[in-house]
Enquirer: 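Structure incoming, see below.
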Number of protein chains: 2
Amino acid sequence: MVREDEFVALCRSHGLAATHQRRVIYATVASLHGHPSPELIYEKVKKKIPSISLATVYNNVRTFLASGMLREVSMHHGSLRVEPNNHEHHHLVCVRCRSITDLHAKNLGLLRLKTQPRGFRVTRIAVDVLGICAACAAKEVSK
Amino acid sequence: MVREDEFVALCRSHGLAATHQRRVIYATVASLHGHPSPELIYEKVKKKIPSISLATVYNNVRTFLASGMLREVSMHHGSLRVEPNNHEHHHLVCVRCRSITDLHAKNLGLLRLKTQPRGFRVTRIAVDVLGICAACAAKEVSK
DNA sequence: TTACATAATGATACAAAATATCAGATAATA
DNA sequence: TATTATCTGATATTTTGTATCATTATGTAA
Ligand SMILES: [Mn+2]
Ligand SMILES: [Mn+2]
Ligand SMILES: [Zn+2]
Ligand SMILES: [Zn+2]
């Protein structure tokens, strides 16, 4: 479990109030293996705080993501997107607006695995170049 | 627009019936730039077939994805997933069950862009090694 | 430490995205 | 053409996520 004073300092440094719910949510995420969904986190947190609301878990997961205290696995859109481009390519993904634009494969050096992962048959390697797109950068300057 | 006989042959080779709706949906996707959502495809297709149902668009987009006639942009789960692992790492992503497991960054050769994309401030490069996980491979053999 | 302003929580309503169901229509095959 | 399997479209339902708002807790400064 995350120490109380450490958690307070961490929240302070991110401009967040250090609430009991936040401490338990944060500690729960840190204790989990894999890549949990808010619903799974909610199930785990409920064992410590039975009265907690799913909305509070969502609110705080999003607050942690926005503040940088937690990261998200994928920066893609949440909903299904179809790929009409059949050429071999990768993507530029904006971490602010989640816009996705194509990037020719030749813009990246040769990709290869040093060791083959055991029990996993590799079919393709997809690269996301993450960052801030021009539109979002412009908005940032004008603020 | 995709030629009628070509489309029929394409469907035939994927074991699908060549319906009018499918032809229009497929041609619409091919005509679009970017990475459209089923809802956007639906809006475009409705101009050609006003009576079409959103469910039909969803059904056929998923049929195309399952058959390999179309690809999906991201093989990640549709819903939000949190990353508890703060170390620099990449992911093995199963294209069947969408399970995501961590892959140490050192298993990949140095990643770098040959040319910086104009107007895009790169912050990080995320790699998904796509393929079939052991569990899904086992299911495939037993079939 | 107390008082107060600000921010967070939890209950619930709402919305978006996706899937299930099924009667009737259409396509593949013979 | 007739038969069968598949597909379509209308609609209901589920899943995932967001908005609202009264109540409660936190941070700060007197
Ligand atoms: Mn693309
Ligand atoms: Mn990970
Ligand atoms: Zn952007
Ligand atoms: Zn799998």
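Below, chain A is the first sequence line, B the second, and so on; all start at residue 1. The basis for the numbers below is simple: all heavy atoms, side chains too, and nothing from hydrogens, waters or symmetry mates.
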Enquirer: Taking five pairs at each end, how big is the angle between the two axes of the helix from C:dT1-D:dA30 to C:dA30-D:dT1, to 10°?
Expert: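 Taking the rotation axis at each end, their angle is 40°.
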Enquirer: Taking side-chain hydrogen bond (donor to acceptor under 3.5 Å, both in side chains) as the definition, give me every residue that meets it alongside A:Thr115, ordered by chain and number, with sequence neighbours left out.
Expert: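 With sequence neighbours excluded, A:Thr115 shows a side-chain hydrogen bond (donor to acceptor under 3.5 Å, both in side chains) to B:Asn107, given in chain and number order.
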Enquirer: With sequence neighbours excluded, what pairs up with B:His89 under the ring-ring contact (aromatic ring centres under 6.0 Å, His included) test?
Expert: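 Counting only residues at least two positions away or on another chain, B:His89 forms a ring-ring contact (aromatic ring centres under 6.0 Å, His included) with B:His91.
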Enquirer: Using a 4.0 Å cut-off to any heavy atom of chain A, which nucleotides of DNA chain C are the first and last in contact, reading 5' to 3'?
Expert: C:dA8 to C:dA18
Enquirer: In chain order, what residues pass the side-chain hydrogen bond (donor to acceptor under 3.5 Å, both in side chains) check against B:Asn59, with sequence neighbours excluded?
Expert: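 Listed in chain order: nothing, the list is empty.
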Enquirer: Which nucleotide span of DNA chain D, 5' end to 3' end, has atoms closer than 4.0 Å to non-hydrogen atoms of chain A?
Expert: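 So the outermost contacting nucleotides come out as D:dT16 to D:dG27.
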Enquirer: Distance-only check: which donor-acceptor pairs under 3.5 Å involve side-chain atoms of residues 10-19 of chain A, not counting sequence neighbours?
Expert:
from: A:Ser13; atom 1: OG; to: A:Leu10; atom 2: O; distance (Å): 2.7
from: A:His14; atom 1: ND1; to: A:Leu10; atom 2: O; distance (Å): 3.0
from: A:Thr19; atom 1: OG1; to: A:Arg22; atom 2: N; distance (Å): 3.1

Enquirer: To the closest 0.5 Å, what do you measure between CZ (A:Arg71) and NE2 (A:His35)?
Expert: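 Here the rounded value is 9.0 Å.
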Enquirer: Show every donor-acceptor pair shorter than 3.5 Å between a side-chain atom in residues 123-136 of chain A and any protein atom, with sequence neighbours excluded, or say none if there are none.
Expert:
from: A:Thr123; atom 1: OG1; to: B:Leu130; atom 2: O; distance (Å): 3.3
from: A:Asp128; atom 1: OD1; to: A:His76; atom 2: NE2; distance (Å): 3.3
from: A:Asp128; atom 1: OD2; to: A:His76; atom 2: NE2; distance (Å): 2.7

Enquirer: Looking at residues at least two apart in the chain, or sitting in another chain, which of them share a ring-ring contact (aromatic ring centres under 6.0 Å, His included) with A:Phe64?
Expert: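 Only A:Tyr26 meet the ring-ring contact (aromatic ring centres under 6.0 Å, His included) criterion with A:Phe64.
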Enquirer: Just verifying a value: how many Å separate B:Gln21 CD and B:Lys48 NZ, rounded to the nearest 0.5 Å?
Expert: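 Reported value, rounded in 0.5 Å steps: 14.5 Å.
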Enquirer: Going from CD1 on B:Ile100 to CE on B:Met75, what distance comes out if it is rounded to the nearest 0.5 angstrom?
Expert: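 Taking CD1 in B:Ile100 and CE in B:Met75, the distance rounds to 10.5 Å.
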Enquirer: Identify, between B:Glu39 and B:Gln21, the residue whose nearest nucleotide on DNA chain C lies closer to the 5' end.
Expert: B:Glu39
Enquirer: When the nearest nucleotide of DNA chain C is assigned to B:Arg12 and to A:Ile49 on a heavy-atom basis, which residue is associated with the more 5' position?
Expert: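 This one resolves to A:Ile49.
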Enquirer: B:His90: which residues meet the ring-ring contact (aromatic ring centres under 6.0 Å, His included) condition with it, sequence neighbours left out?
Expert: none
Enquirer: Could you give the distance from CD1 (A:Ile52) to NZ (A:Lys47), rounded to the nearest 0.5 Å?
Expert: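 Interatomic distance, A:Ile52 CD1 to A:Lys47 NZ, rounded to 0.5 Å: 14.0 Å.
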Enquirer: Output every pair passing salt bridge (charged side-chain N to carboxylate O under 4.0 Å, His left out) with a member in residues 97-107 of chain B, not counting sequence neighbours, ordered by first then second residue.
Expert: B:Glu72-B:Arg98
Enquirer: Please work out which residues in residues 51-83 of chain A have a non-hydrogen atom less than 4.0 Å from an atom of DNA chain D and list them by number.
Expert: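 Of all residues in residues 51-83 of chain A, the ones placing a heavy atom under 4.0 Å from DNA chain D are A:Ala55, A:Tyr58, A:Arg62.
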Enquirer: Going from CD1 on B:Ile25 to CD1 on B:Ile41, what distance comes out if it is rounded to the nearest 0.5 angstrom?
Expert: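 The distance works out to 8.0 Å.
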